[in-house]
Amino acid sequence: MCSGQTFLWDLHGDNEKYYSSIMYSVPVIIRQLSSNEIYITASENEINGLPLSEYFYHYLALDIDTEQVFPEKFCRVYPEIWQLLGEYFPLRILRQHPFETMISFMCAQGIGMRLIRNQISMLRQTYGETKSISFSGKEIIVHQFPSPERLASADPIALSRCTNNNRLRARNIILAAQGFADGRIDLDYLSRQKLPLSELRNTLCRIGGVGYKIADCIALFGLDRFDAFPIDTHVKQYLGKWFNSTKALRSLSPASYLDLDAEARTFLNPDLAGYAGHILFHCWRKEIKKLRTF
DNA sequence: CCCCAGGCTTTTC
DNA sequence: GAAAAGCATGGG
């Protein structure tokens with residue numbers, strides 16, 4: 001919940017599973033009570049100016065019926081995939097904070113998800129404010145995601161310790177944070193513009209360390225754009241194996257990225273291609289690649 | 001030792 | 001222009 005971009009509802013609702021995080025400076029604990037109930041504890045009545053129920057309805061994207069994400073004929077055209085997707089429909093894409101989303105995905109380049117989460121966790125612990133949450137009679141310490149101002153003033157060498165020792169990544173994160181802090185990069189404004197996807201993507205790509213894939217991730221997870229369809233190594237693989245895309249056999253380049261993006265929209269609902277793609281992504285990772293990380 | 005992981009930047013043809 | 005090398009580390 002802290003650094004992941006998804007939340008898979010536990011269909012069995014078996015245990016004391018809970019997540020703690022800080023959202024817009026408010027410490028929060030989300031606990032799943034059953035297969036269709038969650039319990040939310042927060043230290044404030046409002047988050048980002050919204051009542052808790054309203055905030056989390058939006059945060060968990062409960063306005064999206066995930067079974068309606070795919071085109072109606074998808075289940076007939078791809079029955080074997082539809083079968084596999086069965087238990088992945090409770091998957092929620094979270095509408096996360098734009099800055100946190102941007103920095104998090106800038107850490108996700110050609111390395112494993114565990115390493116990516118380690119980086120984000122170190123960023124929180126090194127540069128984020130700590131807060132405590134009272135839960136079941138005990139205090140839980142949670143590290144807030146660092147502010148743009150804090151990262152903007154960080155030392156590149158020191159910060160690179162949080163970015164897998166990659167100094168170029170550390171420098172790009174600091175520059176992006178500076179842009180955010182002084183207003184040159186205004187993702188909230190960009191989101192309100194409701195630009196065509198290609199235009200939004202090109203704008204995001206002006207940020208150093210952000211290419212097509214990460215731009216699409218920022219749009220999908222942080223800018224309320226469920227039409228954005230990030231293509232990473234896993235997506236490329238399932239496009240080839242599941243949808244017989246010959247374009248997916250080529251290595252990913254800017255040109256082939258755009259080709260694959262256009263092709264995917266022919267069998268996915270273009271307005272929700274990213275949401276559908278994310279369900280496919282996790283199904284592919286777990287069912288086919290047997291990866292456990294979620 | 002190899003290749004692969006939620007890729008992007010720089011260099012080289 | 002497009003392709004290849006460099007970045008960095010952990011795991012199979």
Side-chain angles (χ1 to χ4, degrees), chain A residues 1-8 88 91-94 96 100-123 156-177 179 185 201-223 225-226 228-242 247-261 264 273-294:
Chain A
M1 190 58 99
C2 295
S3 61
Q5 277 69 39
T6 50
F7 179 63
L8 180 64
Y88 291 86
L91 190 152
R92 312 305 314 177
I93 287 184
L94 308 177
Q96 296 194 306
E100 178 172 345
T101 306
M102 177 180 74
I103 301 298
S104 295
F105 277 103
M106 289 175 73
C107 293
Q109 298 179 5
I111 53 178
M113 204 177 280
R114 178 158 312 209
L115 221 45
I116 294 168
R117 293 190 173 177
N118 285 347
Q119 294 176 74
I120 297 166
S121 177
M122 284 186 70
L123 282 174
I157 305 297
L159 192 138
S160 70
R161 215 165 56 79
C162 305
T163 59
N164 209 27
N165 295 320
N166 187 319
R167 304 206 177 163
L168 179 58
R169 184 177 305 154
R171 191 196 63 156
N172 283 332
I173 285 175
I174 292 170
L175 289 174
I185 302 173
R201 181 162 51 200
N202 289 335
T203 304
L204 290 170
C205 282
R206 292 191 208 133
I207 303 168
V210 175
Y212 285 163
K213 189 270 176 180
I214 291 178
D216 277 333
C217 283
I218 297 170
L220 176 64
F221 299 108
L223 301 184
R225 291 298 293 258
F226 293 152
F229 184 78
I231 302 168
D232 67 349
T233 175
H234 294 291
V235 174
K236 178 173 174 295
Q237 288 170 31
Y238 78 60
L239 287 175
K241 298 280 187 186
W242 279 351
K247 296 185 175 70
L249 301 177
R250 292 191 288 155
S251 61
L252 263 185
S253 67
S256 64
Y257 187 100
L258 296 179
D259 285 346
L260 281 173
D261 182 58
Y275 208 119
H278 200 58
I279 293 174
L280 290 163
F281 168 84
H282 278 293
C283 183
W284 172 263
R285 278 178 58 94
K286 193 170 177 191
E287 301 300 325
I288 309 298
K289 304 288 284 193
K290 307 298 181 189
L291 294 168
R292 301 295 294 174
T293 51
F294 197 81

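The sequence lines fix the lettering, A, B, ..., with proteins before strands; numbering per chain opens at 1.
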- With A/T233 via side chain to side chain contact (heavy atoms under 4.5 Å, CB included) - residues at least two apart: A/Q237

- Query: What residues form a ring pair (Phe, Tyr, Trp, His ring centres under 6.0 Å) with A/F281, not counting sequence neighbours?
  - Reply: A/H234, A/H278

- Message: Let's go through A/C107 and A/I173 carefully: what are the C-alpha distance in whole Å and the side-chain angles of both, what is the deciding distance for side chain to side chain contact (heavy atoms under 4.5 Å, CB included) to 0.1 Å, and is it a yes or a no?
- Response: CA-CA 9 Å; A/C107 293; A/I173 285 175; 3.9 Å; yes

- Query: Among all residues two or more places apart in sequence or in another chain, which pass the ring pair (Phe, Tyr, Trp, His ring centres under 6.0 Å) test with A/F229?
  - Reply: none

- Task: Using side chain to side chain contact (heavy atoms under 4.5 Å, CB included) as the criterion, list what pairs up with A/I116, not counting sequence neighbours.
- Result: A/A108, A/I111, A/Q119, A/I120

Distances for protein N/O vs nucleotides 10-12 of chain C N/O pairs under 3.5 angstrom?
none

- Query: What interatomic distance, in whole Å, is found between P of C/dA3 and the corresponding atom of B/dG6?
  - Reply: 25 Å

- Note on the structure: Taking for A/G110 and for A/A255 the nucleotide of DNA chain C with the nearest heavy atom, the one nearer the 5' end belongs to A/A255

- Counterpart residues, salt bridge (charged side-chain N to carboxylate O under 4.0 Å, His left out), relative to A/R201 (two or more places apart): A/D216, A/D261

- Task: Using a heavy-atom cut-off of under 4.0 Å over every strand shown, decide if A/Y212 touches base, sugar-phosphate, or nothing.
- Result: sugar-phosphate

- Message: Mind checking if A/L252 touches a base, just sugar-phosphate, or nothing, with heavy atoms under 4.0 Å?
- Response: nothing

- Task: List for me each residue that meets side chain to side chain contact (heavy atoms under 4.5 Å, CB included) alongside A/N165, sequence neighbours excluded, and say none if there are none.
- Result: none

- Task: For A/R161, check salt bridge (charged side-chain N to carboxylate O under 4.0 Å, His left out) against everything at least two apart and list the hits.
- Result: none

Distances for protein N/O vs nucleotides 9-13 of chain B N/O pairs under 3.5 angstrom?
unit_1	atom_1	unit_2	atom_2	d
B/dT9	OP1	A/G209	N	2.6

- The correct set of residues in residues 230-241 of chain A placing a heavy atom under 4.0 Å from DNA chain B is A/D232, A/T233, A/H234, A/Q237

- Message: Going by side chain to side chain contact (heavy atoms under 4.5 Å, CB included), name the residues that satisfy it together with A/N118, two or more places apart in sequence or in a different chain.
- Response: A/R114, A/L115

- Task: Could you measure between the two P atoms, the one in B/dC1 and the one in C/dT9, and give it in whole Å?
- Result: 16 Å

- Do A/L94 and A/F221 come close enough that some side-chain heavy atom pair is under 4.5 Å? no

- Task: Could you work out the separation of B/dC3 and C/dA4 based on their P atoms and round it to a whole Å?
- Result: 15 Å

- With sequence neighbours excluded, what pairs up with A/R171 under the salt bridge (charged side-chain N to carboxylate O under 4.0 Å, His left out) test? none

- Message: For the P atoms, the ones on C/dA5 and on B/dC2, what distance do you get once it is rounded to whole angstrom?
- Response: 14 Å

